[in-house]
Amino acid sequence: MTIKYSGESGLNVYFFYENDPEIPSFLIEKGIFKGEKNEFYLHGLEKETKIYAGLGEKNKTTPYSLLQTGTKIVRAYFEKLKEKSISFDFEKIEQNLSFFLLEGLFLEIFYSFHLKKEAKKRTLEEIIIKNTAPEIVRRAFQFSESRNLIRELVDLPANLLRPHDMAEKIAAVFENSDIQVEIWDSAKLEKEKMEGILSVGKGSQAAPYFIHLHYIPENPIKKLILIGKGITFDSGGLSLKPTDSMLDMKGDMAGAATVVGLLHLIEKIDLPIEINALIPLAENMISGNAYRVSDVIQYKNGKSVEVVNTDAEGRLVLADALIYSEKFESDLMIDLATLTGACMVALGTDIYGVFSNDEKTGIDFASFVNEKTSEKAWALPLFEKYKDQLKSKIADLKNTGKRWGGSITAALFLKEFVPENKKWIHLDIAGPFFDDGIGIFDSMATGIPFESVALYLEEIFLKQ
Ligand SMILES: [Zn+2]
């Protein structure tokens with residue numbers, strides 16, 4: 001598929017804001033098309049097919065609404081139309097917002113993963129983008145390419161993506177790159193006393209892994225640590241989940257996949273950030289060897305944790321990675337995890353939770369996301385008093401507290417393992433990693449919060 005910036009096509013898409021005076025009057029008069037948000041009208045003429053695509057009221061347009069229009073229009077037409085070439089005219093859209101519409105278009109056009117006998121037939125060979133700067137188009141393409149890598153990993157069912165598969169895929173992604181990949185198997189995990197990962201992974205026949213990715217650009221000006229939760233399937237373990245709650249749990253490695261996608265992008269666009277990325281991989285299953293409720297895990301840093309719920313496994317594997325992070329200098333550490341259902345109860349399906357041991361950093365991060373990206377985030381408090389809920393009679397900590405405020409106690413648990421003096425942001429992405437009502441990908445992986453983290457690193461972190 002080629003992307004061009006000029007040329008003729010038999011199929012042309014024109015975007016219009018609501019009630020734009022340039023919308024042909026017969027369309028408005030007959031009530032066919034007014035430019036309402038995600039209103040599309042296909043007009044077949046002798047030599048040209050036109051698609052009119054509505055963007056809604058101009059002053060209500062957001063990065064989210066544009067990204068959504070991009071994915072929706074591709075889904076509405078592109079399998080039905082057998083065109084080889086299509087053009088999109090961006091004349092009406094401000095340059096700084098065209099990125100998001102392009103991202104939406106590319107995410108849908110280039111998403112290729114499927115397991116059906118018949119592949120979707122897409123005949124498209126050429127895309128012509130008119131009236132926007134080529135560098136914005138290239139950038140949107142790079143973002144969507146890395147984001148689709150995340151989405152395809154998350155959408156892969158758990159029988160095809162067990163911890164060793166994920167380790168192999170990560171190695172393959174970075175094979176010809178400047179990113180060094182170190183893969184630790186169970187023997188190495190035992191030697192390094194990664195007791196959280198080993199405990200959670202014990203119930204599965206597919207052994208757990210730990211991955212360390214290292215990226216040093218030529219002239220780094222900042223240092224970052226990324227940590228991603230990689231539970232390739234979460235049955236809940238002996239604290240078994242009901243079937244409905246298990247359905248999306250192939251995506252319990254979305255944090256890990258997002259870390260992979262971020263490195264994939266950052267190397268491509270040459271951000272001057274040295275990154276150490278840490279990814280614990282395990283499958284949380286049931287067997288005679290599975291870890292039990294009431295087990296006590298003794299961590300390498302001397303802390304002990306009483307397991308009171310085997311379904312709160314994410315924080316147990318992240319604890320190992322957080323302890324290990326002490327080895328690396330950093331200006332910022334971000335962990336990404338589909339961590340708690342409680343975060344979804346608090347914020348719903350679209351908004352992810354942001355915690356930080358530096359409150360202002362967390363609030364600023366969330367404000368940036370809401371103002372400048374297509375994603376939604378909200379800063380939640382690390383309210384110390386709730387730490388009382390994690391007191392155990394037999395160990396230093398329990399792995400869960402009471403039901404209320406469960407995303408906060410989970411974050412407080414992680415904080416216990418964050419090395420001193422490290423600035424840290426924790427993103428609880430249990431809500432939006434899958435599209436359960438967000439309205440961009442209909443029941444598929446979203447790649448959220450890839451866009452917000454990438455833009456934050458570029459526009460805030462590097463400029464601080
Ligand atoms: Zn779980």
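Computed from a predicted model, the values in this text were never measured in an experiment. Positions are given from 1 along the sequence. Both counts, for ligands and for their atoms, begin at 1 and track the order of listing.
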A cation-pi test, strictly: NZ or CZ of Lys303 under 6.0 Å from the centre of the six-membered ring of Phe417 and no more than 45 degrees from its axis. Yes or no?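 So Lys303 does make the cation-pi contact.
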
Give the name of the N/O/S atom in Glu313 that lies closest to the Zn ion (ligand 1).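 This turns out to be OE1.
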
Give the atom name of whichever N/O/S atom in Asp234 sits closest to the Zn ion (ligand 1).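 Among the N, O or S atoms of Asp234, the one closest to the Zn ion (ligand 1) is OD2.
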
Metal proximity, Asp311 vs the Zn ion (ligand 1), N/O/S cut-off 2.8 Å: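 It does: Asp311 brings an N, O or S atom closer than 2.8 Å to the Zn ion (ligand 1).
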
Is a donor on one side and an acceptor on the other found under 3.5 Å between the side chain of Asn284 and the backbone of Thr310?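 Checked: pair present.
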
Hey, would you say the Phe441 and Tyr111 ring centroids sit under 6.0 Å apart?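 Here the rings of Tyr111 and Phe441 have centres that are no less than 6.0 Å from each other.
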
With Lys229, which of Asp335, Asp320, Asp252 fulfils salt bridge (charged side-chain N to carboxylate O under 4.0 Å, His left out)?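 The option that passes is Asp252.
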
